[in-house]
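Numbers here are sequence positions counted from 1. Predicted model only: the values in this text are computed from it and were never measured.
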Amino acid sequence: MKIKRYLLLLLLVSSVFAQQKQLVTSVDTIKKKIGAEFKLTVKTSVDTKSKVVFPKLKNIGALEVVQSYPVDTVKKDDRYELIKKYGLTQFDSGKYTIPSIKILINNKPFLSDSIKVEVANVVVDTLKQKMFDIKNIAPTENSWGNWWIWLLILHLIVGIAALIYWYVKKHQAKKLEEEIYKTPIEKATSLLNTLEKKELWQHGEIKEYYSELTNIVRNYIEEAIEIPAMESTTSELIEGLKVASKKKKMKLSQETIENLFVVLKQADLVKFAKSKPLDYEITEDRKKIERAIVTLDKAIPVVVENNEEMLLNEMQRQEQLKKELQKQRKKRIMITVVSVLFLVFATTTFFIVTKGFDYVKDNIFGHPSKELLEGEWIKSEYGNPSVQIETPRVLKRVDLTKSLPKGGMALIKEMQSFAYGGLLDNFYIMVSTLQYKQDPSAGEQTKGIDLSKALDGSLKVIESQGAQNMIVKQEDFETKGGIKGIKGYGTFSKIDGINKSSTKLYYEVLLFSQEGGLQQIMIVHEEGDKYANEISDRVLSSVELKKAQQ
């Protein structure tokens, strides 16, 4: 009977060990903060023909399943190792137990091991945590969210470009009209040829065609015969032409005057009565104007100028030509200046809209902190015990012994200080190292330096140099190499003695203590200077320390 009991117990133990062998349960860590993810891993080793089913769970005990990872399969000889992971979390602190979960292997249930875990609370200490003002509302990162701004800029650029194009074309057309011709007949003939090339009436612009045609002949009569043809009505023009022909003894036929009158009347009907002549009538009117101009030019008596008059007229013509060239040059310069100003305005507007006003101001007019940040940085060691640090400028040796309280040098064996800028300037970096004298009667006094008291001493030095309304915060600090110290930070105000204006500055002080030595790094800059903040972060992240050389 006893033998049967022993055999039954042996079978039970064997089945338990077999189960334990087939299922291995583990968790990546047994302690995490609130909301962090525990990774529960269940491994099973089966043959290639076995079927394994892992449960789909929303909760495992008091922990929530935030992620059910896919099953990983690893083949080892003739067996498969199946690995299933669950991501678990809990948002209340305390100690919890991850209970066993049931896994089916060939439809037989197997239980995983239960594991105890702890969810730690997040300690919030407002005295040690770095405090910041509430940030302004930031625009979304969606590049198409402000599409209307891009559309407005595009329309603005197209509109100004069209305005410049119109101005240039108008200037070119005016330049052609104002081109200096030797004689009025040469000008009239050239303008008639230009008018025909435009093909206005062929495109239905009959009114514009007759307007330019009559302007050409009126302008010719005004320049060549010297009567006010541009301001006169058709009847006044014909009457004035008759009077001038008698006065100047011009031989004009009645046919020429009648042809000119007919064309001018036709033009008046087209412009004011919306008359539409036929194509052959338009062609005939153009020929009549051309013949009238030629006839009038031939009828004007030729005045023979002597050499002095010819020379004077040529000088006047050259002077007029020179003035025209200067005028055209000034217009070209004006167009160039306007174009450049437009491009500058458009580019500046684009960057202000996309990058912000501060970006444009800092890149165009410059920013002292930005120049420091983007300059060539130097990595060097300072003092003893040495401080290895990367800075935007080389730190120069300074003497800070005068700023120490009376009797302060009595315990100091060696003090070295290096700085860039001034304590109340826009940006200031200082590295200072001290070695204390080892006095046997002092016992452990100089070995265990109170960093909090050392920080108070450093801040008193800042106050002695004009700092007011100082806010002090403190927290632990550790370098990348694992050396621990403290960090003091906060703000203070500086008063400009001349303007009586106040500026708020932000400071950070690192203090480290080695046996018989003290190392200090101090950074001061204007509060809200984003470039200075980047410099400060880069400098402090580069700090590494070396032990003192005895």
Can you tell me how far apart CG (Leu505) and CG (Asn469) are? Round to the nearest 0.5 Å.
11.5 Å
Centre-to-centre under 6.0 Å for His525 and Tyr428, is that the case here?
no
Shortest non-hydrogen pair, Asp113 vs Thr25, comes out as N-OG1, 3.1 Å
Using atom types as modelled, flag every donor-acceptor pair under 3.5 Å from a side chain in residues 96-110 to any protein atom, sequence neighbours excluded.
| residue | atom | partner | partner atom | Å |
| --- | --- | --- | --- | --- |
| Tyr96 | OH | Asp92 | O | 3.0 |
| Ser100 | OG | Ser112 | O | 2.6 |
| Asn106 | OD1 | Lys51 | N | 2.8 |
| Asn106 | ND2 | Ser50 | OG | 3.3 |

Do Ile429 and Pro392 make a side-chain contact, defined as non-hydrogen atoms from C-beta onward lying under 4.5 Å apart?
yes
Between the side chains of Thr433 and Gln520, does any donor sit under 3.5 Å from an acceptor?
no
Rounded distance (nearest 0.5 Å) linking atom CG of Asp28 with atom CG of Leu88
9.5 Å
Working note: Arg397 + Gln416, criterion side-chain contact (heavy atoms from CB on, under 4.5 Å); need CA distance, chi angles, decisive distance, verdict.
CA-CA 8 Å; Arg397 187 181 292 273; Gln416 298 184 38; 3.6 Å; yes
Under a 4.5 Å cut-off applied to non-hydrogen side-chain atoms, are Leu23 and Val42 in contact?
yes
Would you say Met470 and Glu463 make side-chain contact, with heavy atoms under 4.5 Å?
yes
Stacked cation flag Lys39 on Tyr69, 6.0 angstrom / 45 deg:
yes
Nearest-0.5 Å distance that lies between atom OG1 in Thr391 and atom CD1 in Ile378:
5.5 Å
If you count the non-hydrogen atoms of other residues, nucleotides and ligands that lie under 6.0 Å from CD1 in Ile30, is the total more than 12?
no
Please verify the inter-ring angle class for Phe512 with Phe477; under 30° counts as parallel, over 60° as perpendicular, anything in between as tilted.
perpendicular
For the residue pair Ala36 and Thr89, what are the closest heavy atoms and their distance?
O-OG1, 3.0 Å
Pair Phe492, Tyr506 - check side-chain contact (heavy atoms from CB on, under 4.5 Å), show working.
CA-CA 7 Å; Phe492 64 86; Tyr506 180 79; over 6 Å; no
Looking at every heavy atom in both Ile486 and Ser452, which two are closest together, and how far apart are they?
CD1-N, 3.9 Å
Picking from Thr491, Leu459, Ile523, what satisfies side chain to side chain contact (heavy atoms under 4.5 Å, CB included) with Tyr507?
Leu459
Could you give the distance from NZ (Lys396) to OH (Tyr420), rounded to the nearest 0.5 Å?
9.5 Å
Looking at side-chain heavy atoms only, is the closest gap between Gln388 and Lys379 below 4.5 Å?
yes
Using a strict cut-off of less than 4.0 Å between a Lys/Arg side-chain nitrogen and an Asp/Glu carboxylate oxygen, indicate whether Lys487 and Glu508 qualify as a salt bridge.
yes
Taking the side chain as C-beta and beyond, is there a heavy-atom pair between Tyr86 and Pro55 under 4.5 Å?
yes
d(Leu518 CG, Ser432 OG) to nearest 0.5 Å is 7.5 Å
Would you mind reporting whether Ile521 and Val509 have side-chain heavy atoms less than 4.5 Å apart?
no
Inspect the surroundings of NZ in Lys84 and state if more than 12 heavy atoms from other residues, nucleotides or ligands are less than 6.0 Å away.
yes
Measuring only between side-chain heavy atoms, which start at C-beta, is Asp529 closer than 4.5 Å to Asn533?
no
Might you point out which heavy atoms bring Ser386 and Glu381 nearest each other, and give the distance in Å?
OG-OE1, 3.7 Å
Judged by atom type as modelled, is there a donor-acceptor pair below 3.5 Å linking the side chain of Ser493 to the main-chain atoms of Thr503?
no
To the nearest 0.5 Å, how far apart are CG in Asn59 and CD in Gln90?
9.5 Å
Indicate yes or no for a side-chain donor-acceptor contact from Glu81 to the backbone of Thr44 under 3.5 Å, with no hydrogens or angles considered.
no
Using atom types as modelled and distance alone, determine if a side-chain donor or acceptor of Ser542 lies under 3.5 Å from a backbone N or O of Glu390.
yes
Start with the C-alpha distance between Asp47 and Tyr80, add both sets of side-chain angles, then the distance that settles side-chain contact (heavy atoms from CB on, under 4.5 Å), and finish with yes or no.
CA-CA 6 Å; Asp47 56 42; Tyr80 285 135; over 6 Å; no
Quick one: does Phe427's side chain get under 4.5 Å of Glu526's, heavy atoms only?
no
Walk me through whether Val119 and Phe38 qualify under side-chain contact (heavy atoms from CB on, under 4.5 Å).
CA-CA 10 Å; Val119 179; Phe38 292 95; 3.9 Å; yes
On a heavy-atom basis, the closest approach of Leu373 and Tyr531 is CD2-CD2, 4.1 Å
